[in-house]
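Here the structure comes first, spelled out in structure tokens, and everything after it is commentary.
Because the structure is predicted, anything quoted here is derived from the model rather than measured. Below, all heavy atoms of this structure are taken into account, side chains as well, without hydrogens, waters or symmetry copies. Whatever order the structure lists ligands and atoms in, that order sets their numbers, starting from 1.
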Amino acid sequence: MENKKELRNWLDKMNLTHPLLIAGPCSAETEEQVLKTAHQLKNTDTNVFRAGIWKPRTRPGMFEGVGAIGLKWMQRAKEETGLLLTTEVANAAHVELALEHDIDIFWIGARTTVSPFNIQEIADALRGTDKIVLIKNPVNPDLSLWLGAVERIYKADIKNIGVIHRGFSTYQKSKYRNNPEWQLAIELQNKFPDLPMICDPSHIAGKRDMIFDVSQIALDLNFDGLMIETHPDPDNAWSDAAQQVTPNMLEKITQELKVRKEAGEGDEFKSSLQKLRTKIDEIDDRLLHLLSDRMRISEDIGRVKKSQNVAVLQTTRWNEILGKMILDGEKLGLSEEFVLRMFKAIHQESINKQAKILDS
Ligand code: PEP
Ligand code: MN
């Protein structure tokens, strides 16, 4: 897929004065709840009303969505409020039903993006329509799986496409429900600058009090829109209760968010940015040289270990380094998470280098 300007036509046509805002409950629960939420959202910046009808739950026995009846409730919400509609589709039958009920935007969930079979089935069912399709990232941090899904939809002649970044699941403890791994989204943005990118802070955060901060980061990174789960009575929601906000809270969040311009103006702005960027480039260059020196020493250590047939991995020494670096890093204003990630990567590369020497 080349980078095509046409990918963002649908978004440009909406002529928005603020980032695209998709809001609505995680799940449609009752007709009353759907209509109440939609009416309350009508008075906010919301452009598109979302509700899950078929819910992909990780474990069986939980609420799995109201099914097709919910589409009727959504249709009524659209008639009464004028909001566009979006729901999650996971197979051809969902697509057929959603098409029959005039859904405007189809989103593909994280658990579906991991399966090329399902994506192909959805792509084939959508072929020949002019619907907008938003593809959530796969559950695991795999950029090519995400891109592959975008390509399958694109090849089915669907040109109104966007992606939704909802974070990635991780085995490690994290303050997020799904780790943002922003660099992955940035990589996708760099590859396809015209592919609209929407952030779903609700599923990244997992907690309502973190939604503002995650949304602000997304806007700072020039995302085109936000999808925020909104419920009139979040604590009693039938799914994802902890992360949903009321329409009132949503309004407060969107009013406080700062939308950044894509580029700055004026010579002074440009020259101060340029000076700072030059400094960064110099530091990056020094960092690379330092890392290269460090790896060369690792190789020397590998040679010493080889002479005595000693194993590469020395856990005690490694834990000492890590503990010290976290403490020192903190004093220097570096977060524990960053220091940990950086040194794990450095350590892994060191081990690879040493192992190569030992096996040579
Ligand atoms: C959702 O949007 O409610 C949902 C199930 O999302 P995800 O596919 O990101 O888990
Ligand atoms: Mn949800």
Side-chain angles (χ1 to χ4, degrees), residues 20-29 33-34 37 41 46 48-60 62-67 70-71 74 84-91 94-95 98 103 105-115 118-119 122 132-142 145-146 149-150 153 162-170 174 176-181 184-185 188 197-208 210-211 214-215 218 223 225-246 249-250:
L20 180 76
L21 182 58
I22 304 174
C26 176
S27 305
E29 297 164 4
Q33 169 247 13
V34 166
T37 318
L41 287 175
T46 303
V48 182
F49 179 74
R50 68 150 277 159
I53 301 297
W54 302 285
K55 300 303 298 178
R57 304 313 296 273
T58 305
R59 308 277 306 272
M62 296 158 102
F63 173 60
E64 297 200 318
V66 293
L71 292 169
M74 289 181 79
L84 295 175
L85 298 179
T86 183
T87 197
E88 172 173 352
V89 289
N91 58 38
H94 294 167
V95 172
I103 297 293
I105 302 178
F106 292 58
W107 98 70
I108 297 176
R111 292 163 193 77
T112 307
T113 307
V114 292
S115 162
N118 288 62
I119 295 289
I122 295 168
I132 299 164
V133 182
L134 302 178
I135 301 140
K136 285 199 171 195
N137 62 259
V139 179
N140 53 322
D142 183 337
L145 205 48
W146 197 1
V150 175
I153 301 294
V163 291
I164 302 177
H165 172 223
R166 49 78 80 194
F168 301 88
S169 108
T170 159
S174 159
Y176 299 101
R177 178 177 175 197
N178 291 292
N179 254 350
E181 315 277 5
L184 236 128
L188 186 62
M197 186 173 270
I198 288 151
C199 177
D200 172 346
S202 310
H203 289 89
I204 290 179
K207 284 187 278 304
R208 66 181 68 99
M210 284 167 66
I211 294 204
V214 176
S215 302
F223 274 62
L226 298 168
M227 182 194 248
I228 301 182
E229 287 190 336
T230 315
H231 192 286
D233 182 11
D235 285 334
N236 290 307
W238 296 4
S239 59
D240 287 352
Q243 70 194 33
Q244 303 206 59
V245 294
T246 62
M249 289 156 86
L250 177 78

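Side-chain contact between S202 and Q244 is absent, with no heavy atoms from C-beta onward closer than 4.5 Å.
Nearest to the Mn ion (ligand 2), among the N, O or S atoms that E229 has, is OE2.
Judged by distance alone, the side chain of E29 and the main-chain N or O of W238 form a donor-acceptor pair under 3.5 Å.
Between L20 atom CG and T46 atom OG1 the span is 9.5 Å, to the nearest 0.5 Å. The line from OG1 of T170 to CG of N140 is 11.5 Å long, rounded to the nearest 0.5 Å.
Rounding to 10 degrees, one finds that the Mn ion (ligand 2) sits at the corner of an angle of 90° between H203 NE2 and D240 OD2.
For E88 and H94, the side-chain atoms include no donor-acceptor pair closer than 3.5 Å.
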Q: Give the C-alpha distance, both sets of side-chain angles, the deciding distance and a yes or no for side-chain contact (heavy atoms from CB on, under 4.5 Å) between C26 and K55.
A: CA-CA 9 Å; C26 176; K55 300 303 298 178; 3.4 Å; yes

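At a heavy-atom cutoff of 4.0 Å, ligand 1 is surrounded by C26, R50, K55, E88, W107, G109, A110, R111, K136, R166, H203, E229.
Using bins of under 30°, 30° to 60° and over 60° for the plane-to-plane angle, the ring pair F223/H165 lands in the tilted bin.
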